[in-house]
Structure formats: structure tokens, C-alpha cells
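Proteins come first, then strands; the chains are lettered A, B, ... in the order of their sequence lines, and each starts at number 1. Predicted, not measured: the structure shown is a model, and the values here were computed from it.
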Protein chains: 2
Amino acid sequence: MPERKPRKDAARNRAAVFTAADSLFAQCRSPEEVTMADIAAAAGVGKGTLFRAFGDRTALIRALYEARLEPVRNAVEEGPPPLGPATPPLQRVPALLDAVLCFKLDNRHLAQALEGTGTDSPYRTEHYERWHTLLRDLLQRIPAPADSDFTAHALLAATRADLVAYLTDEKEMPREELRDRLAKFTAGVLGSTT
Amino acid sequence: MPERKPRKDAARNRAAVFTAADSLFAQCRSPEEVTMADIAAAAGVGKGTLFRAFGDRTALIRALYEARLEPVRNAVEEGPPPLGPATPPLQRVPALLDAVLCFKLDNRHLAQALEGTGTDSPYRTEHYERWHTLLRDLLQRIPAPADSDFTAHALLAATRADLVAYLTDEKEMPREELRDRLAKFTAGVLGSTT
DNA sequence: TACGATACGGACCAGCGGTCCGCTTCTTCC
DNA sequence: GGAAGAAGCGGACCGCTGGTCCGTATCGTA
């Protein structure tokens, strides 16, 4: 096992980069205008350190995203209802989608940075696969919509970060209204053949 | 009216750039690896010409996209059923979505290039607004799904270029199957409260 | 044909992601 | 505690990209 504990300064710097990047992405309009040099400067480290720690820009964004997503992931995998695994599918699916939506609302800059990396589509990431699989399996047990696989994709597509950002920032739709609309839409999809 | 007819060489070059860019985008894996210099070279013009004619990269892609989309747009605005305006909403909505899907399938590289420009989200474009408004107005007259505005967004999100590309290229889903799945999903959404 | 307007094109520039390597800092072992 | 060596640091540096600029060639017109 080549698992060695990192040095103290390495850990400290890693954390500093996380914080700095998070705040920079949150402030700027477009994720593109946050450069690696900016992040390094804001974190008080050299650019080399940044690339050594994360590999490249995409990997840094992804790492940050995963870190912020972890609480949600935990709540889904082993939390209490209605998010946790003990919930019957018909209630868990809406809860899941609402959780995803809220996460994207709270972290929309970061999510947009991730989905807009360009180098690889957001669909090739591991966490999308996870969400999709979970959602599909739940849908399969309902079993209102016939095609659970595509339905899962379509429902997740309705929570795309840029759509969410567009509706809230451009159309100035309040958070609660957006949640409500997604919930209604989900209910419609789930109840289509009942 | 400052509308002046362009010089012959200008028109010829513009067309050459269109053709070259189209074929380059179609060939390459990721739109990012097609550079402006590549396009200029393939079209047999200088880089300056390219930027003079279109402004910047995003504008070039957008112009190309609009040009390719024009036939579809025509068919929708003044064509025969089931796409044209004479069709009753309940049949026209699925037809519309199928047309969008087919277009994205045929031009998925170009569509990905457009949606992934990063500088501005795909939702701030004029043609998205057009599709959304049309779809929403049709939905409003059905009126199966209560929230026609959000439903229109959600349905269009299911035809996002990167999702389409992911399903066909990565998951190797055949064209007809994808069309069928989208049609079924649409039907489900439309028939949710009937 | 000659002349003004328009467009051409490639050298040029600034800024980006990413690399490299001499130097510093931490860890470890005596 | 101190010395040796591994691990990490950081900023000068590189290749490449989108975008600009302006002397020159081409077009439209009288």
C-alpha cells in the first residue's frame, strides 16, 4: 500500500487552496475568469504547488466539487429519511432531486465551473454515474415511468447547473419557487401512468 | 439603413470559412482542439479575415449553428404538419422535440461547441429563448402539465447536446432508440394529468 | 483606367494552463 | 538535538491560444 500520510505543510496548503478557490469562484461572474495564478496567489502559495497537489485545473475543480458534495452524498447513502436509503422510492426520488437542486443552487458557481470544463463532458464523471444509477434503480421500483434509464437522465438534466443559474440569476426566480417547480415536474413524471 | 452588400471576395471567404469550420468540428473529438488558426488555414484565408468577418470564436460558432439550424427553423415556422404551425399542440410538441433531438444528433459536434463556449451559458442565446417560448405556449394550450414554463425548460434540457453525445457515442445508443425514448418520455410528461 | 473604399493576411501581442528544477522545510533515525 | 535525506515549495519559464494591427492587394465605380 503506497499510502503515506502527507506532510503538514502540504495538508495546510491543500486546505488553503480549497478555501481560496471556493471563494474566488463564488465571487466571479464566469468561472473562466478565475485563473490558476489567481487561485495560487489568493491561497498564498506558488503555482507549482497548486499543480503538484491537484494535477490540472479540471482535477482541482473536481476535487473541490467532490469535497463540497460529500455531506449530501453521506446523507443519501446513510442518512435518515427522506434522503436516506430507508425511504420508499416514491418519496425518495423527489427528495433526491430536491437535494441535488439545492446543492446546485448553493454551489452554482462551482457546479458551472465543473460542467463547463469543456475538456470532458459532465457526463463522464464518476459522480454523475453514481447519481444516475441510484435514481434509475429507484425509478425501476416504482415503476411508473416505463423507461427508468432515460427518465433518470432527463430528470437530472432538469437540474443542470447552468439552467439553475439562468433561472435564478437571469430570470430572478426565487429559490423556493424553483424547488417547488421541480417538485411538481417530478411528481408529474412519476405519476404519469398511475 | 447601413445595409451594404458585401464584396465578392468577402462573401466567398465567408462561405469557405463556414464549410471548413463545419468539417473540422465534425472530425475532431472535442471542439476545443479546433483552433481559429486551424479553421483559417483549412479555409485558405488569413486569421485576420476570420476575425474580421465574425468578431470572435463564439460568434463564429453561433453563426455556423444558426445557419445549420435555419432549415429546421423554417420547417417549424411555416412548414407542413406535424412540425408546422397548423398542427394541434398535442402532436406538435413531440414533433418539435424530435426535430430538436435529430438536429442535435446530426450536428452534435457543432452543438457541443456552442453549448460549451463557457463565456456565456447556452441559455442566454436568442434561439434558446425562441424554442422555449414556442414550446411553453404550446404546452399552455394542452394543458396537461400545470407548469408549462418549467416543463418547457425541462423537456429542452433532455435534448442537451452533451447528453445526446454521451448517450450515442459513449453508451452507443442507436439513433432510433434515443428518439423513441425521448418520445416516450415526452408522452409521459404530456399525459401526466389526463 | 484610375482612384477610393474595402478586405486581406500574417507578424505580432497578452495571457493562459502547465512544467521544471534549485532551494527550503519537514521527518526520521541515531 | 542534530544531521541526512526525502518531500514539498515557488516562480521563472514554455508553448499555444484567442485576438489585434496595419501595410498591401483587391474590388467596385466613373
**Q** Please check this pair: side chain of D56(A) against backbone of A59(A), looking for a donor-acceptor N/O pair closer than 3.5 Å.
**A** yes

**Q** Looking at S121(B), is its backbone amide N or carbonyl O close enough to the side chain of R124(B) to form a donor-acceptor pair, meaning the two atoms are under 3.5 Å apart?
**A** no

**Q** For DNA chain D, what residues of residues 11-24 of chain B have any heavy atom nearer than 4.0 Å?
**A** none

**Q** Taking only Lys NZ, Arg NE, NH1 and NH2, and the carboxylate oxygens of Asp or Glu, determine whether E66(B) and R62(B) approach each other closer than 4.0 Å.
**A** no

**Q** Looking at R7(A) and dA7(D), is any side-chain donor or acceptor paired with a base atom of the opposite kind under 3.5 Å?
**A** yes

**Q** Could you walk me through whether D22(A) and T19(A) pass the side-chain hydrogen bond (donor to acceptor under 3.5 Å, both in side chains) test, one step at a time?
**A** CA-CA 5 Å; D22(A) 214 353; T19(A) 323; over 6 Å; no

**Q** I want to confirm an ordering. Mapping D9(B) and R52(B) to their closest nucleotides on DNA chain D, which one lands closer to the 5' end?
**A** R52(B)

**Q** Give the rounded distance in Å between these two atoms: CZ of F54(A) and C1' of dC9(D).
**A** 15 Å

**Q** Rounding to a whole Å, what distance do you find between E32(B):CD and dC16(D):P?
**A** 17 Å

**Q** Please check: side-chain N/O of E115(A) versus main-chain N/O of P122(A), any donor-acceptor pairing under 3.5 Å?
**A** no

**Q** For the CZ atom on R175(B), are there more than 12 heavy atoms of other groups (residues, nucleotides or ligands in this structure) within a distance under 6.0 Å?
**A** yes

**Q** Tabulate protein N/O versus nucleotide N/O from nucleotides 19-21 of chain D, keeping only pairs under 3.5 Å, one per line.
**A**
residue, atom, partner, partner atom, Å
dG19(D), OP2, R57(B), N, 2.9
dG19(D), N7, K47(B), NZ, 3.2
dG19(D), O6, K47(B), NZ, 2.4

**Q** Once the angle between the rings of H132(A) and H153(A) is folded into 0 to 90°, is it parallel (under 30°), tilted (30 to 60°) or perpendicular (over 60°)?
**A** parallel

**Q** Name the one of K104(A), R179(A), K184(A), R181(A) that satisfies salt bridge (Lys or Arg N to Asp or Glu O under 4.0 Å) with D98(A)?
**A** R179(A)

